[in-house]
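I have placed the structure first, in the form of structure tokens, so that the comments after it can refer back to it.
The shown structure was predicted, so the numbers you read here are calculated from the model rather than taken from an experiment. The figures here come from the full heavy-atom set of this structure, side chains too, leaving out hydrogens, waters and symmetry mates. Positions are given from 1, in the same order as the sequence printed here.
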Amino acid sequence: MASLASAAQGVRTARTFTGRVSGALGRPSAAEGPHLWSLTAVDRLIDESVLDGAESARAAGMRGTRRREYLAAHTALRLLLGGYLSMEPEEVRFVRHSCPCCDEPHGRPAVPGDAVHFSLSHSHGEVLLAFAAAPVGVDVQKVPGLRTADRTADLLTPLERQELAAHDAATRPTAFARVWARKEAYLKGLGTGFGREASSDHVGAGDTAVSPYGWTLHDIASKSGYAAAVAVKL
């Protein structure tokens, strides 16, 4: 499963999912941390027969790469959850927790009883999934252009903006993708998404993530041009 690539920096690596689950998967424990999976050969992982009506309907409104990534991510999610829960992937049922911001039922997705917690993210050909013994959020971001990074940086905390400003034009987009992936991973774990302002929590734009109170936040090793992070509730 997921292993620590660098205990000093808190960087984790993701196991590659090939579309096959051999028997039951051992559920993640609090002691070992989250199980992280990345996908390769996205098109070959798509199996729409395991999806439910809501997933199929959402995919129908998408086109091109975005649709393929969505279908592959949700196929993998069901296959892996089936392995963790010892059931067929098409039998996995999803519910929603209440949103911490408004108490409406559009918070963090879950399986009934929270037998295992999960999160998924996809961006421009990269797909990541996380499974944990506690609420978890995962995010992957493609490094944006400099103009996008500078414009969106206004949404961050003052200290995060200061840390980004210390970078030159060549390195600032990568630093921005790193802090934004950390931010989204944490907000997904909370179940608020950007219903909670991005400036509400400091996660750091430096080399090491800053964990919000009650959570652990780590970068995930990713290929050039991307940044990724995972957040797990303590």
Aromatic contact, Phe176 with His167 (centres under 6.0 Å): no

Interatomic distance, Ser222 atom OG to Lys142 atom NZ [nearest 0.5 angstrom]: 11.5 Å

Worked check of side-chain contact (heavy atoms from CB on, under 4.5 Å) between Leu187 and Phe194: CA-CA 7 Å; Leu187 294 178; Phe194 283 105; 3.5 Å; yes

Donor-acceptor under 3.5 Å (Lys188 side chain, Val138 main chain): yes

Shared hydrophobic cluster for Val143 and Val203 (ILVMFWY, side-chain gaps under 4.5 Å): no

Residue pair Ala73 / His122: nearest heavy atoms and the distance that separates them: CB-CD2, 4.1 Å

Pair His124-Tyr226, side-chain donor/acceptor within less than 3.5 Å: no

Ring centroid separation Tyr186 to Trp180 under 6.0 Å: no

From CA spacing to verdict: side-chain contact (heavy atoms from CB on, under 4.5 Å), Leu190, Arg196: CA-CA 9 Å; Leu190 282 180; Arg196 182 180 176 93; 3.8 Å; yes

Pair Glu126-Ser123, side-chain donor/acceptor within less than 3.5 Å: no

Shortest non-hydrogen separation from Thr157 to Asp201 and the atoms involved: CG2-O, 3.6 Å

Any Pro112 side-chain heavy atom under 4.5 Å of Arg93 side chain: yes

Side-chain heavy atoms of Pro89 within contact of Leu81, under 4.5 Å: no

Side-chain heavy atoms of Leu156 within contact of Lys183, under 4.5 Å: yes

Sidechain-backbone polar pair: Arg172 side chain, Ala149 backbone, donor-acceptor under 3.5 Å: no

Heavy-atom pair of closest approach, residues Arg27 and His35: C-CE1, 4.1 Å

Between CG on residue Leu79 and CD on residue Glu90, distance to nearest 0.5 Å: 9.0 Å

Same apolar cluster (I L V M F W Y, side chains within < 4.5 Å links), Val210/Leu217: no

Arg58 CZ to Asp52 CG distance, which is reported to the nearest 0.5 Å: 12.0 Å

Thr75 (side chain) donor-acceptor with Leu71 (main chain) under 3.5 angstrom: yes

Sub-4.5 Å side-chain heavy-atom contact between Val111 and Val95: no

Sidechain-backbone polar pair: Arg147 side chain, Pro144 backbone, donor-acceptor under 3.5 Å: no

Check: Arg66 main-chain N/O paired with Glu69 side-chain donor or acceptor under 3.5 Å: no

Considering all heavy atoms, the nearest Glu163-Ala205 contact: OE1-N, 2.7 Å

Check: Trp37 main-chain N/O paired with Arg15 side-chain donor or acceptor under 3.5 Å: no

Derivation of the salt bridge (Lys or Arg N to Asp or Glu O under 4.0 Å) call for Asp207 and Arg178: CA-CA 9 Å; Asp207 291 338; Arg178 182 171 57 204; 3.7 Å; yes

Side chains of Glu197 and Leu155 in contact at under 4.5 Å (non-hydrogen atoms): no

pair Ile46-Arg68: side-chain heavy atoms closer than 4.5 Å: yes

Short side-chain to backbone donor-acceptor contact, Asp168 and Ala170, under 3.5 Å: yes

Contact summary for Ala72 and Leu45, nearest pair of heavy atoms: CB-CB, 4.5 Å

Reported CG-to-NE2 distance for the pair Leu36 and His218, which is rounded to 0.5 angstrom: 10.0 Å

Criterion side-chain hydrogen bond (donor to acceptor under 3.5 Å, both in side chains) on Arg108 and His117, from CA distance to verdict: CA-CA 10 Å; Arg108 186 168 42 83; His117 298 267; 3.3 Å; yes

Side-chain donor or acceptor of Ser119 paired with backbone N/O of Ala130 under 3.5 Å: no

Where Pro34 and Val230 come nearest, the two heavy atoms and their spacing: CG-CG2, 4.2 Å

Step-by-step side-chain contact (heavy atoms from CB on, under 4.5 Å) determination, Leu80 to Leu25: CA-CA 8 Å; Leu80 287 165; Leu25 296 173; 3.9 Å; yes

Backbone N/O of Gly195 and side chain of Thr192: donor-acceptor pair under 3.5 Å: no

Intermediate values then yes/no, side-chain contact (heavy atoms from CB on, under 4.5 Å), Leu77 and Phe131: CA-CA 10 Å; Leu77 176 63; Phe131 302 86; 3.9 Å; yes

pair Leu128-Leu120: side-chain heavy atoms closer than 4.5 Å: no

Polar side-chain atom of Arg96 near backbone of Gly107 as donor-acceptor pair, under 3.5 Å: yes

Close side-chain approach of Arg78 and Glu88, heavy atoms under 4.5 Å: no

